[in-house]
Participant: 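Before we start, here is the structure in question, set down as structure tokens.
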Amino acid sequence: MRLESGMEEDDSHKVEILLKTIGPARPSRLLVPSSIKVRDLRRLIAGNDNLQIDNLSLVLRGSALCDMKNGDDVYVQLNDGDSVIVAVKPKPPVKDGYENDEDDEDLKFRLPQSSSRWKKRLYSFLHDSLKLPDILLMVIFTLSLKAWVLIILWFILAPVAHRWELGPLYILVTGFCLILFNLGKRQAGDISAYSIFNEDFRELPGTLNADRLDRDIRAGQF
């Protein structure tokens with residue numbers, strides 16, 4: 001009896017929806033939970049009609065369904081007899097006879113799944129609401145917090161330097177600081193390509209200079 005009541009309770013949470021695929025395909029019906037993630041609904045519909053899940057767009061009650069919003073999974077509440085319009089996005093045309101899908105994917109910025117919640121919300125706002133390009137998003141999320149603090153501090157001090165008529169000097173000092181902080185650090189035992197920075201002015205093997213030319217001439221190698 002408990003098993004039967006459990007099955008009835010499970011069935012009561014499921015509804016039958018009508019799938020209307022754009023194109024020559026006939027409408028079909030699908031049994032799904034009444035409350036379901038859009039991501040899972042898309043997967044069920046793709047498996048039911050043998051469609052590619054990446055190119056699938058769903059429309060419910062006049063609104064397009066998205067998988068995530070503000071970094072969180074979106075749930076949808078379905079009623080018995082609801083109609084879901086299924087649209088399959090066509091593949092982009094081939095340019096110059098070559099497939100450019102891989103190049104386009106490399107240019108798209110994807111936020112890592114391990115990112116914090118506030119980063120996911122910020123990414124969703126910038127990408128979905130403001131429609132910022134992927135290149136700009138890559139720059140925003142690649143820079144560290146320390147780098148952003150320095151950038152904000154630079155813009156705060158820039159008007160002060162302009163007020164004191166030190167704008168050119170401020171820009172010049174900024175350039176030198178960028179060069180200085182991006183020189184990097186040599187590991188123990190590493191030799192610089194410039195002998196002046198090495199101990200005892202030691203040169204790299206194979207370096208061509210006046211002394212090397214003089215030795216080669218005296219040795220008759222020319």
Side-chain angles (χ1 to χ4, degrees), residues 39 54 64 66-74 92-93 95-96 98-219 221-222:
R39 186 192 309 274
D54 295 334
C66 55
D67 293 345
M68 302 188 69
K69 185 176 182 181
N70 296 330
D72 298 326
D73 289 322
V74 175
K95 299 180 181 179
D96 300 330
Y98 297 96
E99 290 285 351
N100 296 328
D101 293 343
E102 294 182 0
D103 296 338
D104 294 340
E105 287 296 330
D106 293 339
L107 294 176
K108 292 182 178 179
F109 175 73
R110 303 290 184 185
L111 197 65
Q113 293 294 333
S114 58
S115 301
S116 59
R117 180 177 293 271
W118 71 269
K119 278 189 176 182
K120 291 181 179 179
R121 292 182 179 275
L122 179 61
Y123 172 79
S124 178
F125 173 74
L126 297 177
H127 184 267
D128 300 334
S129 301
L130 299 184
K131 305 296 183 181
L132 294 183
D134 291 320
I135 296 297
L136 187 56
L137 291 174
M138 190 179 302
V139 173
I140 293 174
F141 288 95
T142 301
L143 293 177
S144 63
L145 183 61
K146 180 180 178 181
W148 278 113
V149 171
L150 292 176
I151 291 174
I152 295 174
L153 183 62
W154 188 91
F155 280 103
I156 292 175
L157 294 177
V160 178
H162 177 71
R163 189 179 301 114
W164 288 88
E165 298 182 354
L166 297 175
L169 181 61
Y170 187 71
I171 298 295
L172 190 62
V173 172
T174 300
F176 277 115
C177 290
L178 289 175
I179 296 173
L180 182 63
F181 289 116
N182 285 278
L183 289 177
K185 295 182 180 179
R186 287 189 293 169
Q187 302 293 331
D190 289 347
I191 301 177
S192 173
Y194 302 96
S195 59
I196 193 174
F197 296 111
N198 297 328
E199 186 178 356
D200 297 331
F201 301 102
R202 186 171 53 176
E203 299 176 349
L204 291 175
T207 301
L208 184 63
N209 52 27
D211 293 337
R212 175 70 181 273
L213 289 174
D214 182 66
R215 288 196 304 267
D216 291 342
I217 292 173
R218 290 178 185 275
Q221 296 184 7
F222 282 97

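Everything numeric here is computed off the predicted structure, so don't read it as measured data. What's counted below: heavy atoms across the whole structure, side chains too, no hydrogens, waters or symmetry copies.
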Participant: Which heavy atom in Pro159 sits nearest to a heavy atom in Phe155, and how many Å separate them?
Facilitator: CD-O, 3.0 Å
Participant: Evaluate the side-chain proximity of Trp148 to Ile140: yes if any heavy-atom separation is below 4.5 Å, no if none is.
Facilitator: yes
Participant: Can you tell me how far the CG atom of Asp73 sits from the CE atom of Met68, to the nearest 0.5 Å?
Facilitator: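 Going from the CG atom of Asp73 to the CE atom of Met68 covers 5.0 Å.
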Participant: Hey, what do you get for CZ (Phe176) to CD1 (Ile171), rounding to the nearest 0.5 Å?
Facilitator: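 CD1 of Ile171 is found 13.0 Å from CZ of Phe176.
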Participant: Do Asp134 and His127 make a side-chain contact, defined as non-hydrogen atoms from C-beta onward lying under 4.5 Å apart?
Facilitator: yes
Participant: Please report the interatomic distance CG(Leu166) to CG(Leu172), rounded to the nearest 0.5 Å.
Facilitator: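 Going from CG on Leu166 over to CG on Leu172, the span is 12.0 Å.
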Participant: Just to verify, what does Leu157 make a side chain to side chain contact (heavy atoms under 4.5 Å, CB included) with, not counting sequence neighbours?
Facilitator: Leu153, Tyr170
Participant: Write out all pairs satisfying side chain to side chain donor-acceptor pair (under 3.5 Å) with one or both partners inside residues 152-166, taking only residues at least two apart or from two chains.
Facilitator: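 Matches after skipping sequence neighbours: Trp154-Thr174.
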Participant: What distance do Leu150 atom CG and Ser144 atom OG have between them, rounded to the nearest 0.5 Å?
Facilitator: 8.0 Å
Participant: Taking all heavy atoms of Leu132 and all of Leu136, pick out the closest pair and write down the distance.
Facilitator: CD2-CD2, 4.0 Å
Participant: If you measure from CZ on Arg39 to SG on Cys66, what distance do you get to the nearest 0.5 Å?
Facilitator: 10.5 Å
